[in-house]
Participant: 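Below is one structure. I have some questions about it.
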Amino acid sequence: FWDGLQLYKGALLEPRRSPALKWFARAARITVAVSLAGFNLAFAWDARQTYESFSALNFPGAMQVRVEPGKAAALRAIVGRINSSCGALVTEPGLFSFHLWTGKPTPVGLDHQVWMSLLDDAGQEAIVREIAGDSRACVVYRQDIANLWTHGTDVSAKPLVRFIHDNFQTVLEGEGYSLMMRRSPMN
């Protein structure tokens, strides 16, 4: 059926095509192809300019990653402070890039991004015991992402969440991230 339809279509259209019409059809196809190539090149040029205008993070595992200059400065400050002051690193929620960038270990068993909801109380209590013994333990906290992952569920009574918020205080903030360190014994 389709073969016959193609043959019929070709027989009907072929005699009507003049050389000028064939030339116009070919010119239109070439114009469309050149225009699409031009748009793609312009898009690529714009993307490259945007990439070049951003600041390189230059962290392990992110040497080619570039972000807005303000975000880069905030991340560099947080990562620098972690590298100079922290032992174990806990992130709420699981922001594993910070572990990659700093080389700081995450407590054993804390391998979920949504650990606040997925890790049972016994698992969280084991991690509390582990980080309670590390006076240099730090936390990177990002409230908006925690809310996103927990769908707004109140997880404040969970053992590790409660331990973090009772025993750590914010020492550095930037671009939505909070670096938290142990509260002084008198606080």
Participant: Are any of the side-chain heavy atoms of Q169 and M180 separated by less than 4.5 Å?
Facilitator: no

Participant: Considering residues, nucleotides and ligands other than E52, do more than 12 of their heavy atoms fall under 6.0 Å from its CD?
Facilitator: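 Enclosed: over 12 neighbouring heavy atoms sit under 6.0 Å from CD of E52.
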
Participant: Angle class for the W101/F59 ring planes (parallel below 30°, perpendicular above 60°, tilted otherwise)?
Facilitator: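 W101 vs F59 ring planes: tilted.
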
Participant: Quick one: do the N147 and Q143 side chains pair a donor with an acceptor below 3.5 Å?
Facilitator: yes

Participant: Check D144 with R142, please: is the shortest side-chain N to carboxylate O separation under 4.0 Å?
Facilitator: yes

Participant: I need the L160 CG to L110 CG distance, nearest 0.5 Å.
Facilitator: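 Separation between the atoms: 6.5 Å.
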
Participant: Measure the shortest side-chain to side-chain distance between S97 and L95 over non-hydrogen atoms and say whether it is less than 4.5 angstrom.
Facilitator: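 Heavy-atom side-chain distance check fails, nothing below 4.5 Å.
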
Participant: Is the distance between the ring centroids of Y177 and F98 under 6.0 Å?
Facilitator: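 Ring centres of F98 and Y177 closer than 6.0 Å.
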
Participant: Contact between S178 and L172 at the side-chain level, heavy atoms closer than 4.5 Å - yes or no?
Facilitator: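 The answer is no, as the side chains (C-beta and beyond) never meet within the 4.5 Å cut-off.
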
Participant: Just verifying a value: how many Å separate T91 OG1 and I145 CD1, rounded to the nearest 0.5 Å?
Facilitator: 10.0 Å

Participant: Locate the shortest heavy-atom distance separating A72 from S55; write the atom from each residue and the value.
Facilitator: CB-CB, 3.6 Å

Participant: Testing the basics here: between A88 and D134, what is the closest heavy-atom pair and its distance to 0.1 Å?
Facilitator: N-OD2, 2.9 Å

Participant: So, do W115 and K158 sit near enough that their side-chain heavy atoms are less than 4.5 Å apart?
Facilitator: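 Not touching, per the 4.5 Å side-chain cut-off.
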
Participant: Looking at side-chain heavy atoms only, is the closest gap between E92 and H165 below 4.5 Å?
Facilitator: yes

Participant: Give me the atom names and distance for the closest heavy-atom approach of P159 to D121.
Facilitator: CD-OD1, 3.4 Å

Participant: Classify the ring geometry between F96 and H99 as parallel (under 30°), tilted (30 to 60°) or perpendicular (over 60°).
Facilitator: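 Ring orientation of F96 relative to H99: tilted.
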
Participant: Any side-chain heavy atom of L89 within less than 4.5 Å of one from T102?
Facilitator: yes

Participant: Given side chains that start at C-beta, do those of R81 and V171 come closer than 4.5 Å, heavy atoms only?
Facilitator: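 Contact flag for R81/V171 side chains = yes.
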
Participant: Do R182 and F168 touch side chain to side chain, with heavy atoms closer than 4.5 Å?
Facilitator: yes

